[in-house]
Q: 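Take this structure first; my questions come after.
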Amino acid sequence: MIHAITREVSPAIGQCELTHIDPVAIDVELARSQHAEYRQLLTELGCEVIHLPAEPDLPDSVFVEDTAVVLDELAVLTRPGAESRRAEVTSIAEALAPYRSLAELTAPALLDGGDVLCVGKTIWIGLSSRTNRAGVEQFERLVAPHGYTVRSTKVHGVLHLKSAATAVSDDTLLVNRDWINEDFNDYQTIAVDPSEPFAANALRVGECVVFSATYPRTAERLDSAGIHNHSVASSELAKAEGALTCCSLIFNV
Ligand code: GLY
């Protein structure tokens with residue numbers, strides 16, 4: 001069965017970290033309502049959703065993806081690049097403990113889960129403002145014994161690798177090449193529509209793809225490539241520099 005860990009939007013989300021976008025007022029109730037739609041869609045797609053309560057003192061804590069990388073064999077608790085986000089990891093560790101053995105990154109490693117793109121047994125890690133080489137090296141030491149190959153690539157102009165590339169099938173990536181140097185030659189690629197630069201973040205749930213209603217032109221490109229996608233509103237959390245993958249930790253049990 002597929003499990004999804006999510007967390008309620010913090011009432012403090014207006015104080016979230018912003019790196020590459022300008023502040024815009026966030027409607028917390030609308031963000032919560034869109035997040036509820038997202039959870040409902042995950043349920044309809046077959047997930048058992050484990051929804052954690054809001055963390056009033058942790059503005060970015062809805063973006064649970066950054067706190068852990070959950071593989072079949074273990075979960076790696078991250079050391080988020082933004083100091084304000086490190087306390088988010090504790091409750092995620094508690095939520096994951098029944099399902100996986102836990103490993104953790106330690107200083108000087110920095111790594112956000114949003115920089116970790118798993119494609120089968122290859123794990124791409126973005127070197128970004130949140131993830132450093134020590135993070136990549138520690139992560140690799142933890143996962144290599146389980147047969148994973150770790151490859152790193154620089155990310156520029158956007159927060160995370162998964163803002164620039166996500167998997168929409170076992171061998172196909174949705175990409176915005178303006179933010180990454182990697183060609184991803186081992187995969188088929190679909191480029192985002194040029195008018196929708198933030199559209200590269202799609203969420204795979206089993207064989208299904210969840211995609212933001214904000215990006216209809218890129219959704220058409222996915223449809224044309226035979227990648228049917230389930231649309232969900234995500235405009236409000238985008239103002240907090242978050243996207244669809246950021247809002248859940250998806251894993252099989
Ligand atoms: N606001 C999302 C992040 O900066 O982590």
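Positions are given from 1 along the sequence. Because the structure is predicted, anything quoted here is derived from the model rather than measured.
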Q: Do any pairs count as a salt bridge (Lys or Arg N to Asp or Glu O under 4.0 Å) and have a residue in residues 114-132, sequence neighbours left out, and if so which ones?
A: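 Salt bridge (Lys or Arg N to Asp or Glu O under 4.0 Å) check on residues 114-132 returns Glu73-Lys121, Asp112-Arg130.
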Q: How is the hydrophobic cluster of Leu203 composed, in terms of its other members, when Ile, Leu, Val, Met, Phe, Trp and Tyr link through side-chain heavy atoms under 4.5 Å apart, directly or indirectly?
A: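 Result for Leu203 is Ile2, Tyr38, Leu41, Leu42, Leu45, Val49, Val205, Val210, Val232, Leu244, Ile250.
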Q: Supply the members, apart from Val209, of the Ile/Leu/Val/Met/Phe/Trp/Tyr cluster built from side-chain contacts under 4.5 Å; use none for a lone residue.
A: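 Members alongside Val209: Leu18, Ile21, Leu117, Val119, Trp124, Val155, Val158, Leu161, Val168, Leu173, Leu174, Val175, Trp179, Ile180, Phe184, Tyr187, Ile190, Val192, Phe198, Phe211, Tyr215, Leu222, Ile227.
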Q: Does any pair with a residue in residues 44-91 pass ring-ring contact (aromatic ring centres under 6.0 Å, His included), and if so which ones, sequence neighbours excluded?
A: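 Counting only pairs at least two positions apart or across chains, the ring-ring contact (aromatic ring centres under 6.0 Å, His included) contacts touching residues 44-91 are His35-His51.
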Q: Is a side-chain donor-acceptor pair under 3.5 Å present for Ser195 with Arg217?
A: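 A donor-acceptor contact under 3.5 Å links the two side chains.
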Q: Check the pair Leu237, Ile13 against side chain to side chain contact (heavy atoms under 4.5 Å, CB included), reporting the backbone distance first and the verdict last.
A: CA-CA 9 Å; Leu237 289 175; Ile13 192 162; 3.4 Å; yes
Q: Side-chain donor-acceptor pair under 3.5 Å between Thr245 and Glu65, yes or no?
A: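 Thr245 vs Glu65: donor-acceptor pair found between side chains.
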Q: Holding to salt bridge (Lys or Arg N to Asp or Glu O under 4.0 Å), I want the full list of residues that pass it with Glu207, two or more places apart in sequence or in another chain.
A: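 By the salt bridge (Lys or Arg N to Asp or Glu O under 4.0 Å) rule, Glu207 matches Arg204.
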Q: Quick one: side-chain contact (heavy atoms from CB on, under 4.5 Å) partners of Ala213, sequence neighbours excluded?
A: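 side-chain contact (heavy atoms from CB on, under 4.5 Å) check on Ala213 returns Ser231.
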Q: Using the salt bridge (Lys or Arg N to Asp or Glu O under 4.0 Å) rule, collect all pairs that involve residues 136-157, keeping only residues at least two apart or in two chains.
A: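 The answer is Arg151-Asp186.
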Q: For residues 97-120, pull every pair meeting ring-ring contact (aromatic ring centres under 6.0 Å, His included), keeping only residues two or more places apart or in separate chains.
A: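 For residues 97-120, and leaving out neighbouring residues, the ring-ring contact (aromatic ring centres under 6.0 Å, His included) pairs sorted by first residue read His3-Tyr99, Tyr99-Phe251.
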Q: Would you mind listing every salt bridge (Lys or Arg N to Asp or Glu O under 4.0 Å) that reaches into residues 40-56, with sequence neighbours excluded?
A: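 Checked against salt bridge (Lys or Arg N to Asp or Glu O under 4.0 Å) - neighbours excluded - the pairs reaching residues 40-56 are Arg7-Glu55.
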Q: Is the closest side-chain donor-acceptor distance between Glu17 and Ser84 under 3.5 Å?
A: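 Note: Glu17 and Ser84 side chains meet the donor-acceptor criterion.
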Q: If the condition is side-chain contact (heavy atoms from CB on, under 4.5 Å), which residues does Ala87 pass it with, not counting sequence neighbours?
A: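 Expected list: Leu58.
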Q: Sorted by first residue and then second, give each salt bridge (Lys or Arg N to Asp or Glu O under 4.0 Å) pair with at least one member in residues 220-236; sequence neighbours left out.
A: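 Found Asp193-Arg221, Glu236-Lys239.
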Q: Which residues pass the side-chain contact (heavy atoms from CB on, under 4.5 Å) test with Pro11, sequence neighbours left out?
A: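 With sequence neighbours excluded, Pro11 shows a side-chain contact (heavy atoms from CB on, under 4.5 Å) to Arg32, Ala54, Pro56, given in chain and number order.
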Q: Is it true that His160 and Asn201 share a donor-acceptor pair across their side chains at a distance under 3.5 Å?
A: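 No, because no side-chain N or O of Asn201 sits under 3.5 Å from a partner of the opposite role on His160.
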